J.: 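One structure follows; several queries about it will come next.
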Amino acid sequence: MLQEKLMNEEQNIILEENVNYDDDNIKTLTGTEHIRLRPGMYIGRLGDGSLPEDGIYVLLKEVIDNSIDEFKMKAGDRIEINIEDNLRVTVRDYGRGIPQGKMIEAVSVLNTGGKYDSKAFKKSIGLNGVGVKAVNALSTRFEVASFRDGKVRRAAFERGKLVSDTTEDTQDENGTFIFFEPDADPKLFKDYKFQDDIVENMLRNYTYLNTGLAIMYNGRRILSRHGLEDLLKDRMTNDALYPIVHLKGDDIEIAFTHSNQYGEEYYSFVNGQHTTQGGTHQSAFKEHIAKTIKEFFGKYEYADIRTGIVAAIAINVEEPVFESQTKIKLGSTLMAPDGETINKYVGDFIKQQVDNYLHIHSDVAEVIEQKVKESERERKAMAGVTKLARERAKKANLHNRKLRDCRIHFSDVKNERKEESCIFITEGDSASGSITKSRDVNTQAVFSLRGKPLNCFGLTKKVVYENEEFNLLQAALDIEEGLDTLRYNKVIVATDADVDGMHIRLLIITFFLQFFPELIKKGHVYVLQTPLFRVRNRRTKIKNKKVVAAEDEKKKSDFITRYCYSEEERVNAIQELGPDPEITRFKGLGEISPEEFAGFIGPDIRLEQVTLQKNDQVQRLLEYYMGKNTMERQNFIIDNLVIEEDKPEDYDYE
């Protein structure tokens, strides 16, 4: 009866709400209110700063982009950036300064800016009059100062609302100063921190694309003298087979070489923006570099020519069109509204410049042909097994027991949630079972390994097709022909936090490094962090030889549970929860219930990105860790072996 009464009351409330739908229900939000209510429309994801695509880096980029535009207009050749306590940002450039009469509007009113007229900013990245306004609206405090001709106008905002505005004389150089502190509200940037390595990588990209620009970052000077050539030298983790070919035109710059790695690797930029998902300019480069080299030699397949290529392209486009506000994929087909197509512009440049270069540098042409021949021989050697493997993968895809797919994929161009798509690679059915039951079926897929995969170090790509598990994984990710068709934005290795789990992680990462290194270099591979301990103040006690649950002694609302990802967190949780807590040590992912697992792979998921640093040499790393058991590695293990013993009575095992 009570349940029926509550249902009737709920229905009455719903009916009443429907009846009362009138003019008062229609609301108009200010620009600032809309940005704060729907931040994803303006900066993509939010996040805490642990990943490069998190929103705080979009805020930083929006501010820096304006300073870069000043440099491109020959106004100011240095930018000073400081980040205090990984929280508060100041950016000072020495350009022309925001026109002071419209300074307030320029930083606070949507659809206001100086870049709609291409006469002032011919090829700018920020054309929509949105960027810095989003920074202002999403910051607890935002300050701007414009220095122009002996006057400085300063203004301060709090969450997008103006709180002060002054003008005075100054002796400082012309330019713009901006300070902002992202809003740490739980609905926005909860517990955020700027990561030094992510910021520095962003700033280095700016200097590669703007030769001669000096950026001072927390007292460190970042400068590039050779543009995209420096970028490839810094990013390559395998030795180049020949000196980097570096060519420049009026609105285009390219650099490329080959290495002995599998796959293809591209870095692309438009008007200084790193288009991490490529676009029309990158597609044009891939098409025409292969076409030009094929025509130079008069033979060979495009796939063989591109195998092992590492390349970068940067172009400047008037009024570029991107597929989203975050500007990570170019959608433009024209160099300018009334200009030639991007494909033709890039193709004509490559045809002329690369063809000339190869005729002049016959030594480089000879090395390229040797590399192409090697790729051709390997492709032909495994042609038969490749065909069989593709047929097997196609049949398996119809009913692949190892893959529990999701509905939304990274390759779904028009889906707004495509960047949320991910796949968990798990060991065994028990671990995959917990994840499968607790996952978001829209964006989270699961691929289950049988156990430890094959150590593929030193093997040729033939093993990808001969090994059924690797072949099915390649098919699930859809990366046989490159990353353009990648089905999941995040490839998450989810293994137990024990020795066997660590070994499986290494084997999977070795597979990616050996055959699909761009997957890691483009930031798509992660390791799932799961808790080692559960600490809670719900401890069963013995009374009169009977087990009495703690809920009989305390109100249920008093129960507190802490999941700990390290020994330090466990100690802190014990101190927080008081004496005699219940401590559970998880032995593996399969020991965690689906109800609990839902919290570990939900909005607060902890991921550790697999990255390659500037000085990492992939072949040497793999040789050391995954090669034959060398004396060097044996000695390292012996010298660094630490034995830790847990007291059994410390934990309640599940």
Side-chain angles (χ1 to χ4, degrees), residues 42-44 52-53 57-58 60-73 113 115-116 118 120-132 201-211 213 224 227-232 235 246-256 265-289 311-350 413 419 483-484 522-523:
Y42 299 89
I43 64 169
E53 63 265 30
Y57 301 111
V58 178
L60 177 60
K61 183 187 75 68
E62 294 289 1
V63 174
I64 297 175
D65 282 347
N66 292 328
S67 298
I68 295 296
D69 286 335
E70 287 296 298
F71 173 81
K72 287 181 176 292
M73 297 300 294
K115 300 174 186 176
Y116 298 108
S118 291
F121 290 89
K122 185 180 180 184
K123 296 180 176 72
S124 171
I125 187 63
L127 295 172
N128 299 322
V130 173
V132 78
N201 183 60
M202 178 195 301
L203 300 183
R204 288 195 180 280
N205 281 341
Y206 280 117
T207 60
Y208 295 139
L209 301 168
N210 298 279
T211 306
L213 172 67
S224 172
L228 295 184
E229 182 180 348
D230 288 338
L231 182 149
L232 292 192
R235 300 292 171 80
H246 186 203
L247 304 168
K248 291 184 179 181
D250 289 338
D251 285 310
I252 185 171
E253 179 182 357
I254 68 170
F256 71 90
E265 187 175 341
Y266 301 97
Y267 301 90
S268 61
F269 303 85
V270 176
N271 297 8
Q273 166 67 26
H274 188 189
T275 43
T276 54
Q277 292 182 21
T280 52
H281 57 321
Q282 182 171 302
S283 298
F285 177 88
K286 290 175 63 176
E287 174 190 344
H288 290 288
I289 193 69
I313 176 172
I315 65 172
N316 293 321
V317 177
E318 281 193 40
E319 300 185 18
V321 177
F322 297 92
E323 291 193 358
S324 69
Q325 170 62 22
T326 51
K327 308 182 182 81
I328 55 178
K329 187 172 185 179
L330 180 66
S332 297
T333 58
L334 301 177
M335 289 294 292
D338 56 351
E340 63 184 317
T341 66
I342 289 174
N343 187 283
K344 184 178 186 304
Y345 182 82
V346 172
D348 289 348
F349 176 81
I350 290 176
V413 176
E419 293 189 19
L483 296 195
D484 289 347
K522 292 293 186 182

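Worth saying up front: this structure is predicted, and the values here are computed from it rather than measured.
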J.: Kindly determine whether Val321 and Thr333 satisfy side chain to side chain contact (heavy atoms under 4.5 Å, CB included), including the steps that lead there.
T.: CA-CA 9 Å; Val321 177; Thr333 58; over 6 Å; no
J.: About how many Å separate NZ of Lys61 and CG of Asn66, when rounded to the nearest 0.5 Å?
T.: 9.5 Å
J.: Just jot down the salt bridge (charged side-chain N to carboxylate O under 4.0 Å, His left out) partners of Glu340, sequence neighbours excluded, or say none.
T.: Lys344
J.: Do Asp348 and His288 pair up side chain to side chain, a donor and an acceptor below 3.5 Å, judged on atom types alone?
T.: no
J.: With sequence neighbours left out, write down each residue that passes ring pair (Phe, Tyr, Trp, His ring centres under 6.0 Å) with His274, or none if nothing qualifies.
T.: Phe269
J.: Measure the spacing between CD1 of Ile254 and CD1 of Ile289 and express it to the nearest 0.5 Å.
T.: 5.0 Å
J.: Does the pair Leu247 and Glu253 meet the rule for a side chain to side chain contact (heavy atoms under 4.5 Å, CB included), with working shown?
T.: CA-CA 6 Å; Leu247 304 168; Glu253 179 182 357; over 6 Å; no
J.: For the backbone of Ala314 and the side chain of Tyr267, can you confirm whether one donor and one acceptor N or O come within less than 3.5 Å of each other?
T.: no
J.: Do side-chain atoms of Thr280 reach the backbone of Gly331 as a donor and acceptor pair under 3.5 angstrom?
T.: no
J.: Do Pro52 and Asn201 make a side-chain contact, defined as non-hydrogen atoms from C-beta onward lying under 4.5 Å apart?
T.: no
J.: Heavy-atom distance under 4.5 Å between the side chains of Asn205 and Met202, does that happen here?
T.: no
J.: Show me the pairs that pass salt bridge (charged side-chain N to carboxylate O under 4.0 Å, His left out) and involve residues 267-286, at least two apart or across chains.
T.: Lys286-Asp484
J.: Can you list the residues that meet the side-chain contact (heavy atoms from CB on, under 4.5 Å) rule with Ser67, with sequence neighbours excluded?
T.: Ile79, Val91, Asp93
J.: Do you know the tightest heavy-atom contact between Met335 and Asn316?
T.: CE-O, 3.2 Å
J.: Could you tell me the separation between the CZ atom of Phe285 and the CD1 atom of Ile342, rounded to the nearest 0.5 Å?
T.: 15.0 Å
J.: Okay, side chain of Thr341, backbone of Leu334: is any donor-acceptor separation there less than 3.5 Å?
T.: no
J.: Ignoring hydrogens, what is the shortest heavy-atom contact between Leu231 and Ala312? Give both atom names and the distance.
T.: CD2-CB, 4.4 Å
J.: Checking side-chain hydrogen bond (donor to acceptor under 3.5 Å, both in side chains) between Ser268 and each of Lys329, Gln282, Gln273, which is the one that passes?
T.: Gln282
J.: Taking only residues two or more places apart in sequence, or in another chain, which ones meet Tyr266 in a ring pair (Phe, Tyr, Trp, His ring centres under 6.0 Å)?
T.: none
J.: Working to the nearest 0.5 Å, report the span between CG of Asp250 and CD1 of Ile315.
T.: 13.5 Å
J.: Assess whether side chain to side chain contact (heavy atoms under 4.5 Å, CB included) is satisfied between Leu209 and Leu228, documenting all intermediate values.
T.: CA-CA 7 Å; Leu209 301 168; Leu228 295 184; 3.7 Å; yes
J.: Within the structure provided, determine whether Thr276 and Lys522 are in side-chain contact (heavy-atom separation under 4.5 Å).
T.: no
J.: What's the shortest heavy-atom distance between Ala255 and His246, and which atoms?
T.: CB-CD2, 4.1 Å
J.: How long is the gap from CZ on Phe71 to OH on Tyr206, to the nearest 0.5 Å?
T.: 13.5 Å
J.: Any side-chain to backbone donor/acceptor pair from Asp251 onto Val317? Under 3.5 Å, distance only.
T.: no
J.: Which distance, rounded to the nearest 0.5 Å, do you find between the CZ of Phe256 and the CD1 of Ile350?
T.: 8.5 Å
J.: For Tyr57, what residues pass the ring pair (Phe, Tyr, Trp, His ring centres under 6.0 Å) criterion, not counting sequence neighbours?
T.: Phe194
